[in-house]
Structure formats: C-alpha cells, structure tokens
Amino acid sequence: MIKGIDHIGIAVKSIDEAKKFWVDTLGLTHLRTENVPGQKVRVAVLAAGKATIELLEPTAADSPVQKFLDKRGEGLHHLTLATDKLAGHLQALKVANIGLIDEEPRIGAGGVHIAFIHPKSAHGVLIEMCEHHD
Ligand code: CMX
C-alpha cells in the first residue's frame, strides 16, 4: 500500500533565505510556492527526482512549524509516504494502536489528501501519509 517517498519537509525560518542554498547554490529546481492555510505554513516545492523537498515556513505564531523552530531550530521536519488507500491505511493503523494526529484524511499542499502519524509512534519521526487524486 505504500508507494514510495512523496516528499521530505524541512522547517525553515524564511523560504527566501533557504532558497539561496537549496536553489541558488545546490541547484534544485523550484517548482512552486503556495500557502497551506490549514497547516499555517507557506510551502516551497523543489524537484528532487521522483520525490520533492518542501521548505516549510510558518505563517502564524501558533503554526506547528513555528513551534518546531522554537524548540529545535531549522531542520528535517517530516517524511511523507505516498499511499493509494489513505483512509483504509489510517483505519489499520488505528486498530494497531498507532498514535494518529489525523484519524481522517484532510487537505494539504497541492490539494492532496494527507494525514499525520505522531512521532512518538514512529521512532521519533513525524510521518505524513498522502494520497494523490490525479
Ligand atoms: N519530528 C519529530 N518529533 C517531533 C516533531 C517533528 N516534526 N514535532 C514535535 N516532535 C516531538 C517533540 O520534540 C516532543 O517530544 P518530547 O515530548 O520528547 O519533547 C513531542 O513531539 C511533542 O511535541 P511538542 O513540541 O509538544 O508539540 P505538539 O505535541 O504540540 O505537536 C505534533 C507536535 C507533531 C503533534 C504537531 O507538530 C503536529 O500536529 N504536526 C502535524 C502537522 C504539521 O506538522 N504541519 C506542518 C506541515 C504541513 C505541510 O507539510 O503542509
């Protein structure tokens, strides 16, 4: 049911500053930048082969990414795995007593259906699962 790595999220204080490294220096291609109001972040999507890298900049003081920056500073924030049956996968995880942040899919960047697994249930990694409808 897991199709592969969809993207890796990196918490940054400023997308404009971070792009100087990731795009100008390292040479990754910037695909788009969008606001995700439901997550209180602005997201810059960079091409990285079949997957993407998302630079996450908080847009509100109570954004989860702002909390992460305050506590840990910039760095790897989450790993996103693509699945073709998100709702069914969440149900199976719930039955297995895995701590879910989202028990139902919700809408993330790009209008994709997403749900988060709590890092305490995933060996310290915040995992996002996503299902594309294209
Ligand atoms: N990766 C690994 N561990 C993390 C983490 C992360 N990204 N964020 C928090 N944690 C850890 C904390 O270090 C803390 O551990 P300790 O108890 O050992 O100190 C624990 O999880 C609880 O963290 P907290 O700082 O008290 O924060 P909250 O519990 O209030 O929130 C979390 C943590 C993961 C539930 C919250 O950030 C969340 O709901 N995240 C999902 C949504 C999200 O991150 N959206 C932004 C990006 C969206 C997008 O890509 O579009």
Side-chain angles (χ1 to χ4, degrees):
M1 282 165 93
I2 298 289
K3 294 164 72 181
I5 293 176
D6 184 85
H7 70 264
I8 291 168
I10 298 175
V12 300
K13 292 178 194 160
S14 156
I15 283 176
D16 289 343
E17 278 303 312
K19 273 171 68 186
K20 289 179 189 167
F21 169 71
W22 289 95
V23 177
D24 301 344
T25 307
L26 207 53
L28 273 73
T29 300
H30 173 245
L31 299 176
R32 64 183 183 278
T33 296
E34 65 183 283
N35 265 309
V36 185
Q39 298 289 335
K40 298 181 179 172
V41 287
R42 203 159 73 94
V43 179
V45 182
L46 313 180
K50 287 183 180 171
T52 55
I53 290 174
E54 291 190 353
L55 305 177
L56 311 165
E57 177 191 285
T59 54
D62 61 347
S63 163
V65 173
Q66 185 60 58
K67 196 167 181 187
F68 180 90
L69 288 170
D70 291 343
K71 205 165 176 181
R72 299 185 175 205
E74 293 184 312
L76 287 176
H77 181 263
H78 67 265
L79 168 68
T80 301
L81 300 172
T83 172
D84 50 3
K85 291 197 172 52
L86 181 55
H89 223 135
L90 293 175
Q91 190 55 38
L93 290 168
K94 197 175 166 187
V95 168
N97 276 325
I98 301 299
L100 299 176
I101 294 167
D102 304 297
E103 294 196 356
E104 303 288 338
R106 55 176 160 146
I107 302 297
V112 172
H113 289 203
I114 63 161
F116 284 90
I117 300 173
H118 201 283
K120 293 281 181 202
S121 287
H123 302 268
V125 179
L126 175 59
I127 296 181
E128 179 183 15
M129 298 185 66
C130 74
E131 181 178 1
H132 291 268
H133 292 274
D134 33 37

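By convention here, the first residue in the shown sequence is residue 1. Both counts, for ligands and for their atoms, begin at 1 and track the order of listing. Everything quoted here is computed from the prediction, not taken from an experiment.
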Worksheet item: Considering only heavy atoms of Leu56, which atoms of ligand 1 have at least one such atom less than 4.0 Å away?
Response: 50 (O)

Fill in: Derivation of the side-chain contact (heavy atoms from CB on, under 4.5 Å) call for Ile8 and Leu76
CA-CA 8 Å; Ile8 291 168; Leu76 287 176; 3.6 Å; yes

Fill in: 4.0 Å heavy-atom contact, Gly108 with ligand 1
no

Worksheet, complete the sentence: When rounded to the nearest 0.5 Å, the distance separating CD1 of Ile10 from CH2 of Trp22 is 3.5 Å

Item to complete: Using modelled atom types only, decide if a donor and an acceptor are shared between the side chain of Thr80 and the backbone of Asp6 within a distance under 3.5 Å.
Response: no

Item to complete: Indicate yes or no: does an N/O atom of His77 lie under 3.5 Å from an N/O atom of ligand 1?
Response: yes

Worksheet item: By number and element, which atoms of ligand 1 are closer than 4.0 Å to a non-hydrogen atom of Glu54?
Response: 50 (O)

Worksheet item: Does one side chain, of Glu54 or His77, offer a donor that lies under 3.5 Å from an acceptor on the other?
Response: no

Practice prompt. Examine His118 against ligand 1 and note whether any of their N/O atoms are separated by less than 3.5 Å.
Written response: no

Response to the item:
shortest atom 38 (C) of ligand 1-to-protein heavy-atom contact is with Ile101 CD1, 4.0 Å

Response to the item:
If you compare Gly124, Gly38, Gly9 by their heavy atoms, the one closest to atom 2 (C) of ligand 1 turns out to be Gly124

Practice prompt. May I ask you to say whether Lys3 pairs ionically with Asp84, meaning some side-chain N is under 4.0 Å from a carboxylate O?
Written response: no

Worksheet entry | Closest approach of any protein heavy atom to atom 9 (C) of ligand 1, naming residue and atom | Pro119 CG, 4.5 Å

Fill in: Straight-line distance of Asp102 CG to Met129 CE, nearest 0.5 Å
11.5 Å

Worksheet item: CD of Glu104: more than 12 outside heavy atoms within 6.0 angstrom?
Response: no

Item to complete: Could you tell me if any non-hydrogen atom of Lys40 lies under 4.0 Å from any atom of ligand 1?
Response: no

Worksheet item: Any idea which protein heavy atom is nearest atom 3 (N) of ligand 1, and the distance to it?
Response: Arg72 NH2, 3.0 Å

Fill in: Contact bool for atom 14 (C) of ligand 1 (protein heavy atom, d < 4.0 Å)
yes

Worksheet item: Near Val65, which atoms of ligand 1 are under 4.0 Å from a heavy atom of that residue?
Response: 46 (C)

Item to complete: Could you tell me if any non-hydrogen atom of His7 lies under 4.0 Å from any atom of ligand 1?
Response: no

Worksheet item: Between the side chains of Gln66 and Asp70, is a donor N or O closer than 3.5 angstrom to an acceptor N or O?
Response: yes

Worksheet item: Would a 4.0 Å cut-off, counted as strictly less than, catch a protein heavy atom around atom 41 (C) of ligand 1?
Response: yes

Item to complete: Please write down residue, atom name and distance for the protein heavy atom closest to atom 18 (O) of ligand 1.
Response: Lys120 NZ, 2.8 Å

Discussion item. Rounded at 0.5 Å granularity, tell me how far CG in Leu100 sits from CD in Gln91.
Written reply: 9.5 Å

Worksheet item: Going from CD on Glu74 to CG on Leu69, what distance comes out if it is rounded to the nearest 0.5 angstrom?
Response: 6.5 Å

Practice prompt. Evaluate side-chain contact (heavy atoms from CB on, under 4.5 Å) for Leu126 paired with Ile101, printing each intermediate quantity in order.
Written response: CA-CA 10 Å; Leu126 175 59; Ile101 294 167; 3.7 Å; yes

Item to complete: Would you check, one step at a time, whether the test side-chain contact (heavy atoms from CB on, under 4.5 Å) holds for Thr33 with Arg42?
Response: CA-CA 7 Å; Thr33 296; Arg42 203 159 73 94; 3.5 Å; yes

Worksheet item: For atom 37 (O) of ligand 1, what is the nearest protein heavy atom, given as residue, atom name and distance?
Response: Pro64 CB, 3.5 Å

Discussion item. Give me the nearest non-hydrogen protein atom to atom 25 (O) of ligand 1 as residue plus atom name, then the distance to 0.1 Å.
Written reply: Lys71 NZ, 3.3 Å

Worksheet item: Any N or O on Arg106 sitting closer than 3.5 Å to an N or O of ligand 1?
Response: no

Discussion item. Working note: His78 + His7, criterion side-chain contact (heavy atoms from CB on, under 4.5 Å); need CA distance, chi angles, decisive distance, verdict.
Written reply: CA-CA 9 Å; His78 67 265; His7 70 264; 3.2 Å; yes

Item to complete: Provide the number and element of each atom of ligand 1 under 4.0 Å from a heavy atom of Gln39.
Response: 42 (C), 43 (C), 45 (N), 46 (C), 48 (C), 51 (O)

Worksheet entry | atom 27 (O) of ligand 1: nearest protein contact (heavy atom, Å) | Lys67 NZ, 3.5 Å

Discussion item. I'd like to check atom 31 (O) of ligand 1 in this structure: does the protein have a heavy atom lying under 4.0 Å from it?
Written reply: no

Discussion item. Students should be able to answer this: which protein heavy-atom is nearest to atom 50 (O) of ligand 1, and at what distance?
Written reply: His78 CE1, 3.2 Å

